[in-house]
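Accompanying notes for the structure given below.
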Amino acid sequence: MLTFVILMKNRLIALAAMAFLALSCGQNKGNVLELKSEADLSGLTISTDAGSYYDNKFSKREDITLFRVSTEADGIMAVRQGLADVHVTDEVAFSPEIRRQLGIKLAFCGEEAFDVAFAVGKENGKLRAEIDRFIDAAKADGSLDAVLAHWLEDAPAPEFVSGEASPSQAPLRCITVTNMAPICYMGEGGAWMGIDADILRRFAAWSGRPFEMKFQEFSSAIIALSTGQCDVVNGCLFPTEERKKSVDFTQPYNQCRAGYFVADKESSSRAGFAERLKSNLFTEGRWKLIAYGLLETLIITLFSILLGTLLGAGICAMLLSRRKWLRSAAGLYGSFIQGIPTLVLLLIMFYVVLAGSGLSGTIVAIITFALCFAWSSGSLFASSISSVPKGQTEAGLSLGFTPLRTFTGIVFPQALQKALPAYTGDCVALLKGTAIVGYIAIIDLTRASDLIRSRTFDALIPLLIITVVYFVLAWLIRLMLNLLLKK
């Protein structure tokens with residue numbers, strides 16, 4: 001009995017100590033989050049975009065923990081879910097209304113103001129000089145200040161004369177690394193809006209060029225710029241000395257400070273499911289983005305399967321060839337395809353092998369996935385054909401059939417019946433594998449959900465929608481191939 005009392009006493013003391021520590025930590029946490037300057041960040045977890053200026057800045061501090069994210073939406077979600085204490089980004093990233101909706105607040109702004117400019121390739125000095133002249137002219141006539149006032153202060157939109165693009169002029173290919181108002185975001189009908197999009201669209205009209213805009217992560221965008229896949233990278237970029245080693249920057253068109261955003265539970269408002277569904281699908285016509293992504297995914301999947309199956313027939317013939325060097329070459333090809341991640345192969349094809357070909361990202365994706373599918377389908381049919389007893393071939397030849405007729409009428413139907421279930425699985429796997437094509441600026445289903453999520457900061461609804469769509473597509477592929485198998 002005495003032992004029991006002592007144990008209970010010790011347990012109560014331990015629980016009291018834990019409660020005291022938890023209470024102390026909670027109080028400290030609350031006090032720390034009343035941030036006034038960067039000195040108050042010590043001991044906190046800071047979320048920021050990977051590869052950004054803030055990533056480089058805070059990676060040098062040992063008294064904080066960095067939580068790197070791919071998008072601003074991921075950073076805000078990390079703060080709201082308690083994975084990070086503070087999200088740092090540009091001060092103009094979230095308007096007061098957006099902050100209220102997201103349940104965040106601006107704790108403080110950094111004291112240092114940074115120049116904001118557009119990035120161009122080092123070999124494209126002519127374009128940089130042309131943009132500099134345009135910015136000088138826009139500053140002189142007041143149109144640049146009017147654009148900034150419109151997006152930052154809700155002033156009336158300045159007049160925009162589109163003009164006609166010259167057929168002889170190549171389009172101005174721009175990549176934005178942010179999809180967030182008011183910097184640069186995809187609005188109604190897929191049109192790009194915001195400060196950067198407005199300025200670059202005016203420059204394209206000023207220089208008589210068509211205007212194009214795509215979205216990519218910062219690291220991929222810089223690679224695209226270095227390899228000539230685009231002309232300009234934008235998204236409230238700071239021209240730091242480290243970045244200037246890789247790319248050139250135009251003259252500044254604005255200045256911006258760092259903004260430190262924290263959770264604000266008092267202003268947090270949770271919308272209902274119906275309201276969230278409406279926001280993610282119908283506001284700004286976002287369902288069109290899903291439809292476009294679905295079409296892109298279908299095109300890449302179907303043409304990759306067709307081309308990959310044709311190439312797979314050649315791989316199959318090589319694997320079944322009597323010539324050893326052909327079998328060895330096919331085996332070496334298979335080892336290469338199996339030994340390299342599909343994403344790495346896609347990036348190599350887009351940024352290196354086919355960088356100067358002028359082919360669109362969709363065609364490059366089809367070629368890449370077809371090369372991967374060629375090995376899986378070719379080796380599958382080769383093993384299925386080899387599994388058919390040789391007596392079947394001998395029987396066909398003894399009946400007077402030609403070798404071709406024996407193969408197409410006797411051997412292949414049996415091999416097809418054995419291979420089709422696994423072939424169906426490979427087709428479904430290819431469909432799911434196309435989710436990586438966003439890395440080369442293709443708006444497929446997954447990228448469409450990312451774009452919507454970066455505007456609504458709602459992870460559930462966009463991911464739920466594309467999950468259902470992928471499931472239906474996979475089911476349809478299985479259904480069609482199973483019908484073929486029955487026939």
Side-chain angles (χ1 to χ4, degrees), residues 45-55 66-106 175-187 190 192-194 196-197 213-221 234-236 258-264 267-271 273 275-281 283-284 286-287 289-290 293 435-436 438-439 441 443-467:
T45 299
I46 312 299
S47 71
T48 190
D49 286 2
S52 66
Y53 165 80
Y54 307 111
D55 182 4
L66 266 184
F67 187 88
R68 295 178 175 88
V69 295
S70 299
T71 64
E72 302 290 353
D74 293 334
I76 294 302
M77 289 175 61
V79 170
R80 293 170 60 182
Q81 295 172 3
L83 301 175
D85 301 298
V86 186
H87 179 68
V88 56
T89 185
D90 308 319
E91 61 176 330
V92 299
F94 308 105
S95 66
E97 177 63 21
I98 294 297
R99 295 176 207 166
R100 185 193 65 78
Q101 294 176 5
L102 297 178
I104 60 174
K105 65 180 180 180
L106 179 62
I175 288 181
T176 177
V177 297
T178 183
N179 179 37
M180 185 170 51
I183 300 171
C184 191
Y185 65 99
M186 183 176 285
W192 285 97
M193 307 172 69
D196 288 11
M213 179 79 80
K214 294 182 179 180
F215 171 79
Q216 278 185 260
E217 280 81 11
F218 178 79
S219 57
S220 300
N234 63 279
C236 205
Y260 296 84
F261 297 89
V262 298
D264 184 12
S267 66
S268 178
S269 59
R270 188 68 172 175
F273 184 82
E275 185 178 348
R276 294 166 65 191
L277 189 64
K278 178 182 178 181
S279 174
N280 283 276
L281 276 181
T283 301
E284 297 180 350
R286 289 173 184 143
W287 66 270
L289 201 56
I290 295 291
I436 65 174
Y439 280 91
I443 301 180
D444 68 318
L445 270 174
T446 303
R447 176 59 74 189
S449 73
D450 287 341
L451 290 173
I452 293 174
R453 182 166 57 90
S454 63
R455 290 285 290 128
T456 63
F457 295 89
D458 188 341
L460 175 62
I461 302 300
L463 291 176
L464 180 61
I465 291 171
I466 67 164
T467 297

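Since we're looking at a predicted model, the values are computed, not measured.
- Considering only heavy atoms from C-beta on, D90 comes within 4.5 Å of Y54 through its side chain.
- The side-chain contact (heavy atoms from CB on, under 4.5 Å) test with N179 singles out one residue from D450, I452, L451, and that residue is L451.
- Taking S220 as the reference, Q216, Y351, Y439 meet the side chain to side chain contact (heavy atoms under 4.5 Å, CB included) condition, with sequence neighbours excluded.
- The minimum heavy-atom distance between D196 and C236, with the atom names listed, is OD2-N, 3.1 Å.
- W192 CH2 to M186 CE: the interatomic distance, rounded to the nearest 0.5 Å, is 4.5 Å.
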side-chain contact (heavy atoms from CB on, under 4.5 Å) between Y53 and T48: does it pass, once the steps are laid out?
CA-CA 9 Å; Y53 165 80; T48 190; over 6 Å; no

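- Closest non-hydrogen pair, V79 versus A263, comes out as CG1-N, 3.5 Å.
- When side chains are defined from C-beta on, F215 does not count as touching I443, because their heavy atoms never get closer than 4.5 Å.
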Walk me through whether L83 and T45 qualify under side-chain contact (heavy atoms from CB on, under 4.5 Å).
CA-CA 8 Å; L83 301 175; T45 299; over 6 Å; no

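- Ring orientation note: the planes of F94 and F261 are nearly perpendicular, at an angle over 60° on the 30°/60° scale.
- A distance of 15.0 Å separates CG in D74 from CZ in R68, rounded to the nearest 0.5 Å.
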Under the side-chain contact (heavy atoms from CB on, under 4.5 Å) rule, what do D49 and T89 come out as? Steps first, then yes or no, please.
CA-CA 8 Å; D49 286 2; T89 185; 5.6 Å; no

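- Scanning all heavy atoms of the two residues, the minimum distance from D458 to L460 falls at OD1-N, 3.1 Å.
- Atom-to-atom distance recorded for L277:CG and T283:OG1 is 10.0 Å, nearest 0.5 angstrom.
- The backbone N or O of S47 sits less than 3.5 Å from a side-chain atom of H87, completing a donor-acceptor pair.
- With hydrogens and angles left out, the side-chain atoms of S52 and D55 include no donor and acceptor closer than 3.5 Å.
- The shortest heavy-atom contact between A221 and I175 is CB-CG2, 3.6 Å.
- Atom OG1 of T456 and atom CG of N280 lie 4.0 Å apart (nearest 0.5 Å).
- Salt-bridge annotation for K278 and E275: absent, with no side-chain N of the basic residue lying under 4.0 Å from a carboxylate O of the acidic one.
- Across all non-hydrogen atoms, the minimal contact from A258 to V88 is CB-CG2, 4.3 Å.
- Closest of all the heavy-atom pairs between E217 and S70 is CG-O, 4.3 Å.
- At a threshold of 4.0 Å, the pair R447-D444 does not count as salt-bridged, since none of the basic side-chain nitrogens sits closer than that to a carboxylate oxygen.
- Taking CD1 from I290 and OG from S449, the interatomic distance works out to 6.5 Å, rounded to the nearest 0.5 Å.
- Residues passing the side-chain hydrogen bond (donor to acceptor under 3.5 Å, both in side chains) test with Q81, sequence neighbours excluded: none.
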Passes side-chain contact (heavy atoms from CB on, under 4.5 Å), S279 versus R286? Steps please.
CA-CA 8 Å; S279 174; R286 289 173 184 143; 3.8 Å; yes

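- Side-chain polar atoms of Y260 and D85 form no donor-acceptor pair below 3.5 angstrom.
- Side-chain contact between R453 and T71 is present, with heavy atoms from C-beta onward closer than 4.5 Å.
- Going from atom OG1 of T178 over to atom CD of E72 covers 5.5 Å, rounded to the nearest 0.5 Å.
- Of the charged side-chain nitrogens involved, none lies within less than 4.0 Å of a carboxylate oxygen, so that R100 and D264 do not count as a salt-bridged pair.
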